[in-house]
There are 2 protein chains.
Amino acid sequence: MNYSRQREAIVNFLRSAKVKHPSADIVYVNVRKSFPNISLGTVYRNLNLLAQKGEISKVKLPSDADRFDHNTEPHFHIICENCGQIEDVGSGLVNIDVMSIERLSGFSVDSGRIVLKGLCPECRKKLSPTKKKEEKK
Amino acid sequence: MNYSRQREAIVNFLRSAKVKHPSADIVYVNVRKSFPNISLGTVYRNLNLLAQKGEISKVKLPSDADRFDHNTEPHFHIICENCGQIEDVGSGLVNIDVMSIERLSGFSVDSGRIVLKGLCPECRKKLSPTKKKEEKK
DNA sequence: TATAAAAACAGTAATTGTTATTATTTTTAA
DNA sequence: TTAAAAATAATAACAATTACTGTTTTTATA
């Protein structure tokens, strides 16, 4: 599936783990080091294509740019409300009572993706005792 | 806090429960029935203001417009991947192992809001045996 | 290999949900 | 009753993303 050199550079960057859950824009600026003419549209197209093929996964966030993850194993994420940094959360740490939800709501539940919110270690330190961070609108 | 007539109309529409978890746009077209000149900006400003004051709550979704909820009690949501309809999910039905997550990730966890994905009863019927719905990009 | 069809590309324009700006109107309070 | 403050309508700006277009690259096949 890795025909084009641009696509290969994109997937390689993701797997290199230089940046952990990069947005398309971060991928763009990095891949540009080896492909100065690559277009942002190409980055988006390939990231989506790779996600669709299951070679990477896409992490959609509320009010923030999508992130991309070379780890396709099932797991959840937590995002720092202050700086936007994302960390993995093992899928065993969130328990969803699928049966009850389906019974009560009538929905079928796809428990695949969950994004928790919180504060990363660095931002905890920065913001901790003095000022309580204001709620994000 | 309900000074302006427009703001009152907005909060009244939300509480009327004619539509369950409307987006700003849905609020806009409905409030326009009584205030034909109201501006979309006014709707957004007031919805955000009301959410900030805690009179309503804002439900942020990945890759979809924010929704607004007159119910400010703590609870989660599930969104239909096919039609976007949202339903409440009691907060007892999702269990987050906050202690372990905090220990393993170093993050502090704000377990406030979670949005699950699934299929609402209507879309289940529509899509069920024949065609398996395609993954949303 | 040559070459035609298919795929991918760069660059740019368009879309969508939302926020910011601005000049005007409404509300509040002295 | 009138000046200051707040809110408004209308519109522009914005950010993330997708769509479009004409060109280049890749692939497959003769």
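Naming: A, B, ... by sequence-line order, numbering from 1 per chain. Remember, it's a predicted structure, so these values are computed and weren't measured experimentally.
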To the nearest Å, how far apart are [X] [atom1] and [N] [atom2]?
X: B:Asp66; N: C:dT16; atom1: CG; atom2: C1'; answer: 13 Å
X: A:Arg67; N: D:dT17; atom1: CZ; atom2: C1'; answer: 15 Å
X: A:Tyr3; N: C:dA8; atom1: OH; atom2: P; answer: 5 Å
X: A:Asp64; N: C:dT18; atom1: CG; atom2: P; answer: 14 Å
X: A:Lys60; N: D:dT17; atom1: NZ; atom2: P; answer: 10 Å
X: A:Leu49; N: D:dT26; atom1: CG; atom2: C1'; answer: 15 Å
X: B:Leu47; N: D:dA7; atom1: CG; atom2: P; answer: 15 Å
X: A:Leu40; N: D:dT18; atom1: CG; atom2: P; answer: 10 Å

Any link between A:Ile86 and B:Ile114 through a network of hydrophobic side chains (Ile, Leu, Val, Met, Phe, Trp, Tyr) touching at under 4.5 Å?
no
Spacing of [X] atom [atom1] and [Y] atom [atom2] [to the nearest 0.5 Å]:
X: A:Ser57; Y: A:His75; atom1: OG; atom2: NE2; value: 6.0 Å
X: B:Phe35; Y: B:Ile10; atom1: CZ; atom2: CD1; value: 9.0 Å
X: A:Leu104; Y: B:Leu93; atom1: CG; atom2: CG; value: 6.0 Å
X: B:Ile79; Y: B:Glu87; atom1: CD1; atom2: CD; value: 12.0 Å
X: B:Arg32; Y: B:Phe13; atom1: CZ; atom2: CZ; value: 13.5 Å

Using a cut-off of less than 4.0 Å, is there contact between a side-chain N or O of [X] and OP1 or OP2 of [N]?
X: B:Ser4; N: D:dT8; answer: yes
X: B:Arg45; N: D:dT8; answer: yes
X: B:Asn46; N: D:dA7; answer: no
X: B:Tyr44; N: C:dT18; answer: yes
X: B:Gln6; N: D:dA9; answer: yes
X: B:Arg7; N: D:dA7; answer: yes

So, for [X] and [Y], which heavy atoms are closest and what is the spacing to 0.1 Å?
X: B:Leu14; Y: B:Pro22; value: CD2-CG, 3.5 Å
X: B:Asp66; Y: B:Leu61; value: OD1-N, 4.3 Å
X: A:Ser39; Y: A:Tyr28; value: C-CE1, 3.8 Å

Angle between the two end axes of the helix from C:dT1-D:dA30 to C:dA30-D:dT1, five base pairs per end, rounded to 10 degrees?
20°
For A:Lys58 and A:Asn48, which I'm curious about, is there any donor-acceptor pair between the side chains at under 3.5 Å?
yes
In numerical order, the residues of residues 21-38 of chain B whose heavy atoms come under 4.0 Å of DNA chain D are B:Asn37, B:Ile38
Measure from the side-chain heavy atoms of A:Ala65 and tell me the nearest of C:dT18, D:dT17, D:dT18.
D:dT17
Can you find an N or O donor on one side and an acceptor on the other, under 3.5 Å apart, linking the side chain of B:Ser39 with the base of D:dA10?
yes
